[in-house]
Amino acid sequence: MKARTAIIALLCIAAATTLAYRTINRDWVIYRHAEMLYKKKEYVKAIPYYSSLLEKGFKDPVALSRLGEMYLATSDLDKARSVYEAMLRNDPLNMWARVTIADIYMRLGKYERTVGIYTMLLRSRPEDKHLHILLARALTAKGDFDGAISHYKIALGEEK
Amino acid sequence: MKPSGKILAIVIAIGCICLNGWIIDTACGQQKAPEGSIVPKGDEVPEWKARWELARVLSYAKRYGESVAEYQKVLKEKPDLHEAKIEMAKTLFWMGKKDEALQALEEVPVAKLDGQARSALADIYISQKRYDRAEPLLRDLVVKEPKDHRARLKLAELLSWNKRYKESIDEYEAILNDLPDDKQVRRKYGLVLMWSGRHSDAAVQLRKTLP
């Protein structure tokens with residue numbers, strides 16, 4: 001009899017904690033669901049979960065970067081741009097976000113901005129060959145062929 | 001209830017309690033943002049590709065000699081890169097080096113040639129009076145793009161030079177159907193009508209081109 005009472009009590013506690021967790025940590029439950037959709041590459045379904053979380057003030061850099069990544073994957077460049085701009089406001093030293101936003105500007109045809117970002121990044125990383133290539137591509141798109149040629153040559157180690 | 005059943009029920013209940021709360025958050029919860037280097041590894045550009053891009057930009061800047069030199073370096077490393085070979089051939093063609101362009105283009109399977117390369121190759125064959133080689137290339141172009149009037153005009157001319165007037169006239173008529181005000185094409189059409197012996201038709205067409 002005692003054992004049965006104990007089991008019932010434990011089951012009640014389990015049910016109560018499950019309910020409490022889902023109520024108190026509702027955002028995390030949504031977040032994990034969003035993560036599950038993200039991992040299955042179901043971006044269109046996952047985006048509303050992440051954006052609703054972020055709108056409610058859910059502070060998690062992963063959620064923000066996931067949202068940016070998914071907007072890029074679904075070619076929603078304007079929304080991707082605002083997400084990466086938000087990331088940079090939160091963390092201005094996030095180089096990865098800066099390179100990504102430069103790429104978004106490039107895809108949006110804002111070549112001047114792309115060139116500006118890569119030029120700025122190259123000041124602190126003058127040896128970064130890939131950055132030189134990215135800058136060369138942006139300069140090509142902008143129509144500055146001589147500038148582009150120079151940066152390709154730097155990337156190939158044929159010019160300083 | 002049997003003792004084993006009780007134990008199982010207790011274990012399940014405890015498991016449910018433990019799976020909630022901080023254990024889940026610790027295991028699946030907040031993660032650090034992706035650290036990523038400034039350029040993700042998968043996006044790194046190999047040297048041959050950077051050189052290929054350089055070759056292209058040099059050709060855009062009309063620095064054709066330098067462009068061809070870079071294409072040659074790329075092709076030394078990637079001899080089966082047909083796209084680069086076609087681009088190099090086009091650059092050679094723009095430089096007026098038709099023989100070298102032809103040699104490069106003939107190394108590429110015809111199926112891999114894009115419209116511009118086929119057109120360039122056809123032009124080279126025409127300049128060498130190798131009409132039998134040029135004709136299928138031009139026919140492919142007009143089949144794929146019926147409104148490619150330049151290709152159709154070249155085909156019409158080629159057919160007339162081969163004295164295949166009836167076929168040539170058909171091609172001219174197809175062009176003039178779309179471009180009735182093109183006096184230059186109409187004059188050429190008039191000449192072919194004349195060569196085919198249709199003098200009065202030729203006169204009508206030629207008169208249309210006069211003010």
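Order of the sequence lines sets the chain letters (A, B, ...), proteins ahead of strands, with each chain counted from 1. Nothing here was measured: the structure is a model prediction, and the numbers come from that model.
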Student: Taking all heavy atoms of B:A61 and all of A:F145, pick out the closest pair and write down the distance.
Tutor: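 Looking at all heavy atoms of both residues, the closest pair is CB-CB, 3.8 Å.
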Student: To the nearest 0.5 Å, tell me how far A:K129 NZ sits from B:E44 CD.
Tutor: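 The NZ atom of A:K129 sits 10.5 Å away from the CD atom of B:E44.
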Student: Pick from A:D144, A:D146, A:L139, A:T140: which one makes a side chain to side chain contact (heavy atoms under 4.5 Å, CB included) with B:V57?
Tutor: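 Only one of A:D144, A:D146, A:L139, A:T140 forms a side chain to side chain contact (heavy atoms under 4.5 Å, CB included) with B:V57, namely A:T140.
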Student: If you draw a 6.0 Å radius around CD in B:Q128, do more than 12 non-hydrogen atoms from other residues or ligands fall strictly inside?
Tutor: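 Yes, CD of B:Q128 has more than 12 neighbouring heavy atoms, counting only those of other groups under 6.0 Å.
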Student: Starting from the C-alpha separation in whole Å, work towards a yes-or-no answer on side-chain contact (heavy atoms from CB on, under 4.5 Å) for B:R63 and A:I149.
Tutor: CA-CA 10 Å; B:R63 289 160 65 175; A:I149 289 164; 3.5 Å; yes
Student: Taking atom NZ as the centre, does B:K97 end up with more than 12 heavy-atom neighbours from other residues, nucleotides or ligands that are less than 6.0 angstrom away?
Tutor: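 Open.
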Student: Are more than 12 heavy atoms, taken from residues, nucleotides or ligands other than B:R187, located less than 6.0 Å from that residue's CZ atom?
Tutor: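 Yes, CZ of B:R187 has more than 12 neighbouring heavy atoms, counting only those of other groups under 6.0 Å.
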Student: Mind checking the CG-CD spacing from B:L54 to A:E158? Nearest 0.5 Å is all I need.
Tutor: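 Reported value, rounded in 0.5 Å steps: 7.0 Å.
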Student: Answer with side chain, backbone, both or neither: which region of A:R98 has an atom nearer than 4.5 Å to a non-hydrogen atom of chain B?
Tutor: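 Looking at A:R98, nothing touches chain B.
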Student: Is it true that, when you exclude B:K163 itself, more than 12 heavy atoms of the residues, nucleotides or ligands shown sit nearer than 6.0 Å to its NZ?
Tutor: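 Incorrect, the count does not exceed 12.
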Student: What do the steps show when you test B:E66 against A:K153 for salt bridge (charged side-chain N to carboxylate O under 4.0 Å, His left out), and what is the final call?
Tutor: CA-CA 12 Å; B:E66 291 171 76; A:K153 287 191 172 177; 3.6 Å; yes
Student: If you round to the nearest 0.5 Å, how far is CG of A:L156 from CZ of B:R51?
Tutor: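 Separation between the atoms: 4.5 Å.
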Student: Can you establish whether the number of heavy atoms outside A:E159 located under 6.0 Å from its atom CD is more than 12?
Tutor: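 Yes - once you tally the heavy atoms of other residues, nucleotides and ligands closer than 6.0 Å, there are more than 12.
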Student: Report, as yes or no, whether the 6.0 Å neighbourhood of atom OH on A:Y38 holds more than 12 heavy atoms from other residues, nucleotides or ligands.
Tutor: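 Correct, the count exceeds 12.
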